[in-house]
Amino acid sequence: MILTIMIIIMITGLLTFYRVIKGPTVFDRIIAADSISVMFLLILVLLSRYFQREIFIDIALVYSILLFIDVLIMSKYFAKNNIKCDRRNRDY
Amino acid sequence: MLKTILNAIGGIAIIKLIGYLFVIKGTFFFIITTIGMIRFDDFYIKLHISSKCLTAGGISLLIGIIILEGLTFYSLKLLLIIIFLVITNPVATHALARAAYYHQGGDKIDSDLIRDDLKKDRVGDL
């Protein structure tokens with residue numbers, strides 16, 4: 001039963017990867033990557049119950065904190081303007 | 001006392017059934033999240049879906065596993081993950097919406113907003 005649920009969540013995670021490839025702006029890709037990461041975090045929790053080991057829950061706790069900080073840093077970086085590099089003014 | 005209640009409603013199996021129902025409900029929310037992420041073209045709708053449906057699916061699945069396990073330290077760590085997911089997911093959504101609104105470069109998002117509260121306030125600077 002747990003194995004079936006894990007396979008279903010993994011398939012939906014891989015379907016969201018389509019939006020990472022296609023998304024016209026960079027913010028679409030950030031949102032899709034965040035969604036995939038939360039889904040795989042929950043697969044990690046289910047794996048901890050499947051293998052009957054208690055150590056995977058600690059890894060899931062740390063990974064959720066890292067996920068939150070990653071999205072904040074990416075949003076702060078991508079909010080600034082792009083610097084267009086002009087290829088015509090170089091002299092080589 | 002708990003044993004008499006459990007013998008009245010039919011044993012431990014009822015609690016396991018409720019736990020599995022919560023797990024199935026969580027995966028159903030994840031499927032809806034994926035369908036919404038593929039089908040919609042606008043950015044703000046995707047933000048809405050990722051913030052609401054994903055958090056709800058995650059909470060539901062984790063509550064299901066807590067019911068299946070029982071009251072040990074394992075359930076306490078899962079409760080900690082639930083609390084963290086509830087607190088940090090809306091904050092990340094808010095930061096991403098502000099970043100997408102203030103961005104002026106090549107990836108500018110031009111979606112027709114019906115209600116725009118940030119146009120005259122411009123609180124703070126990103």
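Below, read A as the first sequence line, B as the second, and so on, with proteins coming before strands; counting in each chain starts at 1.
- For a residue to count as touching a neighbouring chain, one of its non-hydrogen atoms must lie under 4.5 Å from one of that chain's; by this rule A:Phe27 touches chain B with backbone and side chain alike.
- For the set A:Ile36, A:Val45, A:Leu67, the count of heavy-atom pairs under 4.5 angstrom toward chain B peaks at A:Val45.
- The shortest non-hydrogen separation linking A:Ser35 to B:Met37 is OG-CE, 4.3 Å.
- For A:Met1, the part sitting under 4.5 Å from any heavy atom of chain B is the side chain, from C-beta outward, and nothing else.
- For B:Phe73, no part lies under 4.5 angstrom from a heavy atom of chain A.
- No other option in A:Leu41, A:Ile57, A:Ile2, A:Thr16 has as many heavy-atom pairs under 4.5 Å with chain B as A:Ile57.
- Contact annotation for A:Ile9: only side-chain heavy atoms (C-beta onward) come within less than 4.5 Å of a heavy atom of chain B.
- Neither the backbone nor the side chain of B:Ile49 comes within less than 4.5 Å of any heavy atom of chain A.
- Using a 4.5 Å heavy-atom threshold, the side chains of A:Glu54 and B:Tyr74 count as touching.
- Other residues, nucleotides and ligands contribute only 12 or fewer heavy atoms inside 6.0 Å of the NZ atom of B:Lys16.
- Contacts of B:Tyr44 with chain A are absent, with no heavy-atom separation under 4.5 Å from either backbone or side chain.
- The number of heavy-atom neighbours closer than 6.0 Å to CZ of B:Phe22, taken from other residues, nucleotides and ligands shown, is 12 or below.
- A:Ile65 is not listed as a side-chain neighbour of A:Leu61, based on a closest heavy-atom distance of 4.5 Å or more.
- Each of B:Ile66, B:Leu62, B:Ile63 was evaluated against B:Leu79; a single residue qualifies, B:Ile66, per the side chain to side chain contact (heavy atoms under 4.5 Å, CB included) test.
- Other residues, nucleotides and ligands contribute only 12 or fewer heavy atoms inside 6.0 Å of the CZ atom of B:Phe28.
- For A:Leu66, the CG atom counts as densely surrounded, since its 6.0 Å shell holds more than 12 non-hydrogen atoms of other residues, nucleotides or ligands.
- Using a 4.5 Å cut-off between heavy atoms, B:Phe84 touches chain A through its side chain atoms alone.
- For a residue to count as touching a neighbouring chain, one of its non-hydrogen atoms must lie under 4.5 Å from one of that chain's; by this rule A:Arg19 touches chain B with the side chain only.
- Between chain B and the residues A:Thr12, A:Ile30, A:Thr25, the most heavy-atom pairs under 4.5 angstrom are made by A:Thr12.
- Contact annotation for B:Leu96: both backbone and side-chain heavy atoms come within less than 4.5 Å of a heavy atom of chain A.
- A:Ile55 CD1: 12 or fewer foreign heavy atoms inside a 6.0 Å radius.
- Between B:Asn89 and B:Ser50, the shortest heavy-atom contact is ND2-O, 4.3 Å.
- Residue A:Leu15 touches chain B through both its backbone and its side chain, counting heavy-atom pairs closer than 4.5 Å.
- Contacts with chain B were tallied for A:Val71, A:Asp34, A:Leu42; A:Leu42 has the most, counting heavy-atom pairs under 4.5 Å.
- Heavy atoms of B:Ile81 lying under 4.5 Å from chain A belong to its backbone as well as its side chain.
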